[in-house]
Structure formats: structure tokens, C-alpha cells
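Note sheet for the following structure.
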Amino acid sequence: MPLSTQSQTDDAQYILVASLDNARNISNILKAITFKDHAIFSATPNGLKVTVEDSKCLQANAFIQADIFQEFTIKEDSVGFQVNLTVLLDCLTIFGGSTVPGVSTALRMCYMGYGYPLTLFLEEGGVVTVCKINTQEPEEPIDFDFCSSNVTNKVILQSESLKEAFSELDMTSEVLQITMSPNQPYFRLSTFGNSGNAHYDYPKDSDMMELFQCTKTQINRYKMSLLKSSTKALALSCKVSVRTDSRGFLSLQYLVRNNDGQICFVEYYCCPDEEVGDD
Amino acid sequence: MAVERLEEGLTFNPSPILLQDQSQVRAGGVVTTISKLTKTCVLRLTPDNLYFVLSGKVDNGGVGMWCELSQAKFFDEFQLEGVSAEANEICLELAPDNLSRALKTAQNAKTVKIKLTKKHCPCLTIAAELPTMSSASRVVTHDIPVDVIPKRLWNDFKEPSMPDFDVSIYMPPLKIMKNVVDRMKNLSNFLVIEANMNGEMNLKIETDLVSVATHFRDLGNPPWAGGDGSQAGANSQRDPEAMVQARVDVRKLQQFLMGQQFNPSKAMCNIVQNTIIHLILLYEDVSLQYFIPAVA
């Protein structure tokens with residue numbers, strides 16, 4: 001049945017309805033954070049936040065604002081549930097993953113509340129697919145307690161520069177070390193792998209460096225396996241902000257432009273690797 | 001030509017079969033499709049047609065295939081001397097992938113000759129005359145080992161009869177169906193395919209985690225559905241909106257869809273409720289039928 005007749009009968013029962021003319025505007029972002037099976041969905045009148053966590057040390061959040069959607073209706077202050085993200089992505093891309101110019105999948109995502117499945121109506125070329133995905137009670141996302149006032153060092157880079165480094169990272173290194181300093185080397189990524197040590201330096205006056213605010217020299221190490229999960233988000237983004245706080249916690253914020261040129265954000269929080277202390 | 005005696009009194013007459021100009025490309029396409037459907041199959045050669053056959057036994061997972069090519073549309077010369085005058089055909093078991101690769105080499109050939117030969121074992125020999133920079137040509141030969149199927153087993157490879165279907169419907173564009181089935185395979189091992197006489201087809205999966213239903217509309221039903229004498233009795237009582245369904249192993253349906261490289265001129269699906277689905281693809285010079293048994 002076409003998506004429009006659905007709305008007349010069931011709309012009253014849904015506490016959340018979100019529609020997109022192009023499902024890719026949500027599936028691309030979700031693909032970037034699919035490093036674990038489960039995701040916590042949190043919707044407010046501002047929009048949708050999708051959270052994925054890994055071993056209590058890494059957290060990714062994708063923010064899709066309400067105005068990205070063609071329709072975004074929410075009947076409560078906050079709606080939350082947990083779903084299997086890989087299943088959700090298979091459903092969002094049910095008509096295929098590749099892009100054919102001029103053809104897009106329309107999406108209507110509906111939720112009736114606690115205990116009900118997440119219902120997706122997808123339509124492409126007159127063919128309609130209805131998916132009902134079971135939901136679970138949402139876990140409480142970890143609060144990394146990262147606040148702007150506690151930020152020690154911050155840089156904003158054009159993603160282009162980091163993409164190359166991240167694609168070449170020596171995966172035999174257990175950690176990725178990030179050095180941020182008001183002095184040389186300013187911003188450095190280091191790995192310590194089987195073939196030796198590698199350093200990627202980004203001087204503060206480089207073209208790629210849009211903002212450089214480092215107050216104190218900090219050298220922190222993060223588990224490579226955790227940070228590698230951020231590579232897809234980096235690939236989608238045009239800009240990235242890298243911040244560390246006094247505890248050495250890392251915040252990466254990616255600015256992503258979707259197919260229609262609208263802006264979404266993906267942010268990652270990561271704890272420093274415990275074996276090495278701060279400088 | 002020398003005649004050689006093989007087991008069970010079956011003789012080989014190594015007559016050449018000459019492929020028409022460029023028909024080796026189309027033949028190659030058909031064989032490549034078949035090679036994606038199955039690792040081995042039977043090739044039946046009769047004076048009028050070639051058939052690629054899978055017999056639908058348990059060891060194929062119950063899947064059956066019948067692909068028919070009219071020899072006149074592919075070959076300039078076709079000389080066949082079968083087992084006897086009454087049984088003027090040859091039945092060989094082979095790996096279609098071997099044949100597909102040989103025909104790929106032969107794509108640009110000026111001529112392609114196919115012969116039955118006996119090397120260290122019975123072989124289908126493909127000799128392709130390829131152009132070179134000079135006036136001389138070079139010949140590339142492929143020897144494809146085959147197993148000769150004795151006449152007493154030929155019954156296993158007869159043309160399947162059209163099942164007494166409960167519904168017959170034209171298929172949706174195969175590309176769309178393939179994309180959907182590819183995703184459904186990630187979600188479930190089994191898929192329900194259902195259709196009615198109103199041109200509607202649904203593909204459905206259901207597991208503990210998720211249920212997905214894709215609805216195709218306005219597909220149309222072939223004229224024989226309800227028109228044919230034997231079927232009309234059953235179908236005329238049936239409500240055109242009533243769905244007929246069969247539950248199949250999703251990988252078997254996916255495998256069928258994966259092999260389709262070309263757009264058929266007609267694609268149809270017959271369903272016998274809870275028993276079997278019968279897929280028919282008609283191309284300009286080839287017809288392909290595929291049977292997938294239903295599971296409980």
C-alpha cells in the first residue's frame with residue numbers, strides 16, 4: 001500500500017513519525033557508526049540521536065536534526081528505544097545499496113511506543129516494503145562527562161588531510177598516539193607497529209588547519225581498534241574537530257554533508273588507553 | 001569418421017558442430033548463467049535442440065533446471081549421431097563453468113568448432129579459430145572432460161511437465177527482485193513468495209528480530225492462467241485476490257537471481273501452494289525453467 005494511505009489510518013497511534021524523501025540521508029550516516037550490532041535511538045523535538053558504544057570506552061553519536069526530515073512528528077518530550085543496527089540498515093537499503101541517478105527510496109519511520117516494533121515504510125519505483133523491527137529497552141548511554149569548559153586542546157582540520165593518514169595507519173600498532181601542543185610538532189598522530197614507528201604531523205599554519213587552539217602539551221594514547229571505528233565517519237565528513245580534556249579524553253566531531261547538502265554531525269568520545277598516563 | 005566404442009555400447013561419432021557467426025557470444029552468455037546456477041549439469045544434444053538439465057534430485061537440494069536452446073539458432077553446421085536411430089541423442093554430464101570459460105576465449109573467434117572426442121577420457125573439444133595480425137589464424141583448443149550418461153539413465157533428464165500451478169504471474173523486474181532478495185538473505189534463511197491472479201506478488205520474511213514484506217503490484221498474469229482447460233477448473237473458483245504461497249530457501253532464490261545477466265523478453269512465476277515454485281525465463285533464442293521446492 002502506498003505510504004500516504006498508511007498515514008491516515010495509523011498516524012494517531014504513533015508517538016514518533018519521521019519521513020525522508022531519500023532514505024540515504026539517514027542510512028549513510030548510520031553505516032558510518034555501525035561498528036556494533038546495537039544502537040540506542042533517542043528522539044526529541046530537535047531531532048534524532050543514534051548512539052553506538054564499544055566496550056565502555058568508545059561512544060559514537062550521530063545527530064540528524066528534525067529539519068533534515070520532510071516530516072518529523074513527536075508526541076512526547078523524549079522517545080527512546082534500542083534496535084539491531086545491522087538489521088535496520090538491511091531494511092533501509094532493501095532496494096539495493098548502489099546509487100542510480102534520479103532514483104531514491106522514500107522512507108517513513110514510525111514508532112508506537114514501548115513494546116512496539118520500529119516500523120519502516122520504504123518505497124521505490126512503486127514497490128513498497130514494510131519492515132517491523134523489534135525494539136528493546138534502551139540502555140543508558142555512558143556519560144563521558146566531556147564538557148567544552150574543560151577542553152585543554154582543540155584543532156579543526158579539513159577531513160581530506162586526515163583521511164589519507166587514517167587509511168594508511170599501521171594496524172599492527174596497538175595504540176594511536178595523539179600529540180597536541182602549542183609548540184612543535186603542534187598536532188601529531190603516531191603509531192608503533194611491527195615495521196617501526198610512524199608519525200603524521202600537521203603544523204598549525206597548514207592550509208588544512210582551520211582552527212588551532214592548544215594551551216598545553218598533551219600526549220595521549222588510544223586503542224587503535226577503537227579509533228579505527230571512526231574511519232567511516234571521517235570518510236563521509238568534510239571537517240573534523242579534535243579536542244582533548246584535562247583527563248586525556250578524546251572528542252572527535254565530524255561535519256557531514258548529506259546528498260542534499262544538509263549538515264549532520266557525528267561525534268566520537270574515546271577514553272585514553274589506561275597503560276600510559278598523561279604528560 | 002572413426003567410430004569408437006565406449007561403455008554400454010554407446011558410440012561416439014566425433015562430428016563437428018560449427019557455431020554461427022558471433023552466436024558463441026550469446027551461447028557463452030547462456031552457459032555463464034547456467035554456471036552460476038549449478039556446478040555440474042547434464043547437456044543433452046538432440047538433432048533439434050540442446051538442453052542443459054538439472055534433475056531436481058535431493059543432492060541438488062531439490063532444485064531443478066531445464067534450459068533449452070534451438071540448435072538452428074546457434075549453429076551453422078550441426079551433425080549428430082546419437083546412440084541409435086530411435087534414440088538420436090547424446091547425454092553428457094559436465095561442469096558448465098568449463099564450457100563457459102572456453103566460450104569466453106572464443107568470443108572473438110572467426111569460427112568455433114565443437115566436437116565430441118576421446119582423449120584420456122571423453123571430452124567436449126572446443127576449437128576456436130582466432131584472428132591474428134597476420135593473415136594466418138591460430139587455433140585455441142579447450143578439452144572439457146565429460147561423463148557420458150548411459151541411455152538407461154536418460155529418464156532422469158526428461159523435460160519436466162508444467163506443474164498444476166495454483167497461480168501464474170509475470171515477475172517484477174529481476175534487478176529489483178534481486179536487490180530485495182539479497183537483503184532478505186541477510187535477515188532470514190527462508191522466504192515466502194506469494195502471488196494472486198490480480199497481478200500482485202509479495203516477498204516476505206519473518207524472524208524473531210524482524211519481519212519484512214515487499215509488495216509488487218500491477219505485474220499482470222499470463223493468459224494461460226485460468227485460460228488453459230486443465231487449470232481453468234481449479235482457478236475459476238479462486239478469488240483473484242487470494243494469495244497462493246510457497247516458502248523457499250532464500251539462498252536458492254538468490255542463486256537463481258544472481259545468474260541473470262540479461263533481461264528476458266518474458267519472465268513468469270508459477271506457484272503450487274506449499275509445494276514448488278516454477279520460474280520461466282524466455283529470451284530470444286533460449287528458454288530457461290527453474291524449479292525450487294517449498295519447505296515446511
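So you know, we letter chains A, B, ... as the sequences are listed, proteins then strands, and number each from 1.
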Contact leader toward chain B among A:T135, A:I94, A:V87, A:V127, where contacts are heavy-atom pairs under 4.5 Å
A:I94

Go through A:L120, A:T86, A:T93 and name the one with the most non-hydrogen pairs under 4.5 angstrom from chain B.
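The residue among A:L120, A:T86, A:T93 with the greatest pair count is A:T93.
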
Nearest heavy atoms of [X] and [Y], plus distance in Å:
X      : Y      : result
B:P172 : B:L219 : CA-CD2, 3.6 Å
A:I26  : A:M109 : CD1-CE, 4.2 Å
A:F35  : A:D54  : CE1-CB, 3.8 Å

Any heavy-atom pair between the side chains of A:Q65 and A:Q262 that's under 4.5 Å?
no

Suppose a student defines contact as a heavy atom less than 4.5 Å from any heavy atom of chain A. Which residues in residues 184-192 of chain B would they list?
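Listed by number, the contacting residues are B:M184, B:N186, B:L187.
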
May I ask you to decide if the ring planes of A:Y254 and A:Y268 are parallel, tilted or perpendicular, using 30° and 60° as cut-offs?
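A:Y254 and A:Y268: perpendicular rings.
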
Would you please classify the geometry between the A:F81 ring and the A:F41 ring as parallel, tilted or perpendicular, with 30° and 60° separating the classes?
parallel

Tell me whether B:D249 contacts the main-chain N or O of B:R251 through its side chain, where contact means a donor paired with an acceptor under 3.5 Å.
yes

May I ask you to check whether over 12 heavy atoms, not counting those of A:Q136, lie within 6.0 Å of atom CD?
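Count over threshold, so yes.
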
Where on A:D90 is there a heavy atom nearer than 4.5 Å to chain B: the side chain, the backbone, both, or neither?
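Both parts, backbone and side chain.
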
With a 4.5 angstrom heavy-atom cut-off, which part of B:D218 approaches chain A: side chain, backbone, both or neither?
neither

